[in-house]
2 protein chains.
Amino acid sequence: MPRSKSYDENTVLERAMNVFWSNGYEATSVRLLEKQMGINQFSIYSSFSSKKKLFIKSISKYREHVRQNVYQTLLQEGAGMKELEQYLLKAVQKKREPGTSRGCLVVNTAAEIGGSDDEIAAEVNGYFNFIREMLRKVLKTAVEKGEISPDTDIEKQSAFFLGVMQGLSVASKTMDPVQLNDFISVAVKQIK
Amino acid sequence: MPRSKSYDENTVLERAMNVFWSNGYEATSVRLLEKQMGINQFSIYSSFSSKKKLFIKSISKYREHVRQNVYQTLLQEGAGMKELEQYLLKAVQKKREPGTSRGCLVVNTAAEIGGSDDEIAAEVNGYFNFIREMLRKVLKTAVEKGEISPDTDIEKQSAFFLGVMQGLSVASKTMDPVQLNDFISVAVKQIK
DNA sequence: TATGTATCTAAGCAATTGGTTAGATATGAA
DNA sequence: TTCATATCTAACCAATTGCTTAGATACATA
């Protein structure tokens with residue numbers, strides 16, 4: 001009997017994610033969100049309850065986004081060192097492209113919010129656990145394939161590459177492509 | 001003839017720096033600043049012109065702060081690999097201490113503001129150039145001392161360690177001490 | 001000791017913040 | 001075709017934002 005929604009929650013959530021990604025949490029106003037999402041404040045609140053809840057949902061949407069568009073190759077069965085290296089170099093190349101790099105939404109959030117909000121911190125930690133798990137598997141596969149030494153300490157190396165990826169997010173905003181490439185090439189070389 | 005200031009600009013600037021460091025730029029209100037700085041809004045604006053200018057001055061104050069309290073050893077003549085390693089391990093140890101790590105003010109700023117404000121971006125770049133220059137000198141000294149190979153590519157390695165330090169700032173908020181230690185130990189080992 | 005001047009207090013400014021609500025509107029089952 | 005119900009519009013809310021200002025205050029000089 002009731003009227004049906006005129007928008008798709010998934011679609012407007014993806015738009016919200018992009019607004020937060022571009023501007024950060026605090027600098028994103030609900031007015032800006034309604035413009036970019038294309039729906040009224042009422043609809044934002046009826047679908048997502050609060051700005052903070054919408055932000056948290058944007059982070060989990062981001063996780064889905066990178067899973068499908070950034071890490072898809074790395075997440076495939078059999079992905080090893082070659083794929084990891086390719087991903088890192090592609091991230092460097094992207095820096096040459098138009099506009100300022102937005103970095104990683106979750107790194108930006110960790111830097112901006114830190115641990116001062118428990119719910120947001122939980123979502124951030126969940127994301128990084130997902131990345132670390134991905135790295136562990138990739139490195140294990142790399143050992144199995146003989147791409148890296150069987151003596152490789154998987155735990156140490158996955159912590160290392162997670163740290164490198166966090167650094168890369170910041171560095172992509174502050175380093176030129178040459179320095180970025182130097183950074184990554186040293187990080188990759190050490191495991192060979 | 002005129003009345004004299006009842007506060008020291010340097011002192012209140014250091015307090016402002018700490019407020020921005022704890023909360024980030026956007027989340028820091030001028031009301032909070034006046035409370036923490038211990039002076040009235042009028043005095044803030046008469047001494048620092050605007051919130052943004054105060055923030056930029058806080059970043060350069062931060063540079064002075066780390067120069068004297070964080071990197072003092074690394075900046076000494078003759079500092080090499082041992083000092084670099086000591087600094088990194090100390091940064092890891094600090095994570096065990098009370099409260100959530102605030103990370104590096106400038107990394108936080110790079111993540112929050114990115115390149116969307118030119119004046120702030122310039123201050124951020126100046127800071128990272130200072131760090132990179134410090135790293136270059138330390139690595140050169142390390143070569144001279146025979147701590148690392150004379151074939152070491154100073155440019156690549158200084159870009160690498162700058163990236164690692166940027167990662168460390170984020171990681172100190174999201175990793176536990178064990179993972180942090182893994183991250184740093186791999187970063188240091190690769191140069192030996 | 002008197003006084004000119006910058007400093008300080010505290011109130012105020014318009015604009016924006018996150019969030020709510022009353023009433024108009026559209027929809028899909030009966 | 002009716003009608004109950006959820007969706008939508010747009011105005012509204014108090015609180016807070018960065019910043020300004022008029023007038024009271026205190027101090028270095030004369």
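So that the names make sense, note that chain A is the first sequence line, chain B the second, and so on, each numbered from 1. Owing to the predicted nature of the structure, the values given are computational and were not obtained by experimental measurement.
Using a 4.0 Å cut-off, some side-chain N or O of B/Ser6 falls inside it from OP1 or OP2 of C/dC8. For the OP1/OP2 pair of C/dT27 and a distance below 4.0 Å, the side-chain nitrogens and oxygens of A/Ser4 include no atom meeting the criterion. Contact annotation: B/Ser43 reaches the phosphate of C/dC8 (side-chain N/O to OP1 or OP2, under 4.0 Å).
Here A/Phe55 pairs with A/Phe20, A/Tyr25 under the ring-ring contact (aromatic ring centres under 6.0 Å, His included) rule; sequence neighbours left out. Looking at residues two or more places apart in sequence or on another chain, you find no side-chain hydrogen bond (donor to acceptor under 3.5 Å, both in side chains) involving A/Lys140. With sequence neighbours excluded, no residue forms a ring-ring contact (aromatic ring centres under 6.0 Å, His included) with B/Phe48. Residues meeting the salt bridge (charged side-chain N to carboxylate O under 4.0 Å, His left out) test with B/Arg136, sequence neighbours left out: B/Glu133, B/Glu155.
Below the 3.5 angstrom threshold, one finds no donor paired with an acceptor across the side chain of B/Arg3 and the base of C/dT5.
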Which atom pairs link the protein and nucleotides 18-20 of chain D when you take only N or O atoms and keep those under 3.5 Å?
unit_1	atom_1	unit_2	atom_2	d
D/dG18	OP1	B/Thr28	O	3.2
D/dG18	OP1	B/Lys51	NZ	2.8
D/dG18	OP2	B/Val30	N	2.8
D/dG18	N7	B/Arg31	NH1	2.5
D/dG18	O6	B/Arg31	NH2	3.0
D/dC19	OP2	B/Tyr45	OH	2.7
D/dC19	OP2	B/Lys51	N	2.9
D/dC19	O5'	B/Tyr45	OH	3.3
D/dC19	N4	B/Arg31	NH2	3.4
D/dC19	N4	B/Gln41	OE1	2.7
D/dC19	N4	B/Gln41	NE2	2.8

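Whole-Å rounding puts the A/Asn23 CG to C/dT17 C1' distance at 15 Å. What separates NZ of B/Lys35 from C1' of D/dT17 is a distance of 14 Å, to the nearest Å. Counting to the nearest Å, the P atom of C/dG19 and the CZ atom of A/Phe55 are 14 Å from each other.
Using a 4.0 Å heavy-atom distance criterion, B/Tyr7 is classed as a sugar-phosphate-only contact.
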Compile the donor-acceptor pairs under 3.5 Å between side chains in residues 33-44 of chain A and protein atoms, sequence neighbours left out, one pair per line.
unit_1	atom_1	unit_2	atom_2	d
A/Glu34	OE1	A/Gln41	N	2.9
A/Asn40	OD1	A/Phe42	N	2.9

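A/Ser158 and A/Arg132 are not linked by any side-chain donor-acceptor pair at a separation below 3.5 angstrom, with hydrogens and angles left out of the test.
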